[in-house]
Structures are given as C-alpha cells and as structure tokens.
Amino acid sequence: MEEKKTIFDYVTMTFSIFGFSIAWLNFFTFLFGEEAKEISSMFSLGSNGLSIATMMQFLGVAVITTFIRYIFFTDIIIKKMPIVGRTACMVLSEISTIVVFVLCFDWFPTDMWLPWIMFILCFGLCFVVSTVVTMWKEKMENRKMEEALAKLKKQEAVFYEGEGEKDKNGICN
C-alpha cells in the first residue's frame with residue numbers, strides 16, 4: 001500500500017533534485033567554467049560560480065520534474081499504465097523539458113554536436129544511477145518488510161501455541 005503524500009513530500013523531492021543538480025553544476029563550473037563562459041549562459045560567471053538566473057532555471061526544472069514524476073508515478077492520474085511505459089513517458093517528458101530550457105535560456109549552442117552528446121551522456125548516467133539507487137532502496141525496503149512479516153508470523157505462532165488447553169473458565173493450563 002502506498003502512503004499518502006503531502007505537499008512536504010513534493011517540496012522535499014523538488015529540493016533534492018535541485019540540490020543534486022546544483023552540486024553537479026558546481027562541479028562542472030569548477031572544471032569547465034572559464035572555457036564554457038563564452039558559449040553557455042549556465043557558466044556566465046566562469047569558474048566564479050553560478051548566477052542566480054541559472055539557479056532559478058534549475059529550480060524550475062526541478063519543480064517540473066517533480067510534477068512530471070507525480071503525473072507518471074502516482075495512480076491518481078494514470079491508473080493502468082505499466083511501470084516501463086510510465087518510465088519511458090517520464091524520460092521523454094524530462095528530455096523535452098530540458099530541450100525547451102536549452103532553447104529558451106541558451107544553456108548551450110544548439111548547433112554544436114558536443115554539448116548535445118554531453119547532455120545525452122550526463123542525462124543517461126543520471127538516469128542509470130537514479131534507477132540503480134531506486135531499485136536498491138526498494139530491495140532494502142522489501143527485505144525489511146519480509147523480516148517484519150516473518151517476525152509477526154513467529155509471534156503469532158507462539159501466541160497460538162501458548163493457548164494450549166483451557167479449562168472451563170478459558171484459562172490456559
């Protein structure tokens with residue numbers, strides 16, 4: 001059974017995505033900031049850091065990503081789509097969102113092939129890592145649930161064994 005989400009769960013997800021994105025962007029700023037300064041609005045400050053505009057754009061992507069995840073991974077809107085279909089739709093929606101941001105905010109030149117290759121590699125790597133982490137987390141949660149169920153069954157067995165024979169007043173002998 002899926003627990004009910006609150007607005008705080010969505011805010012937490014949004015800021016987790018945002019924090020992860022900004023951490024990686026800072027890493028790339030450190031590595032390539034000065035070289036990328038002339039070709040990308042994301043690195044407009046060079047290796048001096050990220051502009052407020054860039055951070056707000058990435059916050060926007062995080063909000064949209066959380067919304068997309070809500071659409072495809074809750075049963076509130078889509079009830080009968082298999083997980084593979086949901087994942088494919090989410091990935092396509094996310095790539096579309098990022099392409100729109102690339103075009104609107106000049107994140108990188110659209111006529112150069114290297115930035116697109118880097119984007120695809122980075123997106124693919126992040127997708128694979130997040131999929132592996134999610135599968136690992138689910139496996140751990142399932143293991144905990146199985147252990148709790150086994151413990152509950154053991155307690156239940158001990159309870160019923162302890163009932164034994166009862167006298168006429170319902171007291172165990």
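Below, all heavy atoms of this structure are taken into account, side chains as well, without hydrogens, waters or symmetry copies.
- Of the possible donor and acceptor atoms, none in the side chain of Thr29 sits under 3.5 Å from a partner among the backbone N and O of Gly49.
- Between Gln57 and Cys104 there is no side-chain heavy-atom pair separated by less than 4.5 Å.
- In this structure, CE in Met112 is found 5.0 Å from CD1 in Ile39, a value given to the nearest 0.5 Å.
- Side-chain atoms of Thr14 come within 3.5 Å of backbone atoms of Tyr10 as a donor-acceptor pair (strictly under, hydrogens ignored).
- Using a 4.5 Å heavy-atom threshold, the side chains of Glu94 and Phe127 count as separate.
- Under the 4.5 Å side-chain heavy-atom criterion for ILVMFWY residues, a single connected hydrophobic cluster contains both Phe67 and Ile7.
- Taken from CG in Asn26 to CG in Leu31, the straight-line distance is 11.0 Å, to the nearest 0.5 Å.
- One hydrophobic cluster, built from ILVMFWY side chains closer than 4.5 Å, holds both Leu103 and Phe43.
- You'll find the side chain of Cys126 reaches within 4.5 Å of the side chain of Phe20, heavy atoms only.
- Looking at Arg86, its side chain does come within 3.5 Å of a backbone N or O of Thr74 through a donor-acceptor pair.
- Ser47 places no side-chain N or O within 3.5 Å of a backbone atom of Phe30 that could act as its donor or acceptor partner.
- For the atom pair CD1 (Ile120) and CG (Leu125), the distance works out to 13.5 Å, reported to the nearest 0.5 Å.
- Taking 4.5 Å as the limit, every side-chain heavy atom of Leu149 sits out of range of all side-chain heavy atoms of Met145.
- Note: the hydrophobic cluster containing Leu114 does not contain Phe119 (ILVMFWY, side chain heavy atoms under 4.5 Å, direct or indirect links).
- By the rule that hydrophobic residues join a cluster once side-chain heavy atoms approach within less than 4.5 Å of another member, Val91 and Val84 end up as members of one cluster.
- Among all heavy-atom pairs drawn from Gly46 and Glu34, the shortest one is CA-OE2, 3.6 Å.
- Outside the 6.0 Å centre-distance limit, the rings of Phe58 and Phe18 are not counted as a close aromatic pair.
- When the shell of 6.0 Å around CZ of Phe123 is examined, it contains more than 12 heavy atoms from other residues, nucleotides or ligands.
- Rounded to the nearest 0.5 angstrom, Ser51 OG and Met56 CE are separated by 11.0 Å.
- Between Trp116 and Phe108, the ring planes lie perpendicular to each other; the angle is over 60°, past the 30° to 60° tilted range.
- Between the side chain of Asp9 and the main chain of Thr6, a donor-acceptor pair closer than 3.5 Å is present.
- In this structure, the separation between CD1 on Ile68 and CD1 on Ile64 is 6.5 Å, given to the nearest 0.5 Å.
- Rounding to the nearest 0.5 Å gives a distance of 12.5 Å between CG of Leu59 and CD1 of Ile52.
- Using a 4.5 Å heavy-atom threshold, the side chains of Met42 and Leu50 count as separate.
- Counting heavy atoms from C-beta on, the side chains of Thr66 and Ile17 come closer than 4.5 Å.
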| request: List the steps and the verdict of side chain to side chain contact (heavy atoms under 4.5 Å, CB included) for Ser96 and Val100. | output: CA-CA 6 Å; Ser96 299; Val100 168; 5.6 Å; no

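- Residues Lys151 and Glu147 have side chains not in contact (no heavy-atom distance under 4.5 Å, counting atoms from C-beta outward).
- Cluster membership for Met13 and Trp24, using ILVMFWY side-chain heavy atoms within less than 4.5 angstrom, is not shared.
- Looking only at side-chain heavy atoms (C-beta outward), Phe105 and Thr54 stay at 4.5 Å or farther from each other.
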| query | Which is it for Phe72 and Thr87 under the side chain to side chain contact (heavy atoms under 4.5 Å, CB included) test, yes or no, and what are the steps along the way? | reply | CA-CA 7 Å; Phe72 290 110; Thr87 302; over 6 Å; no

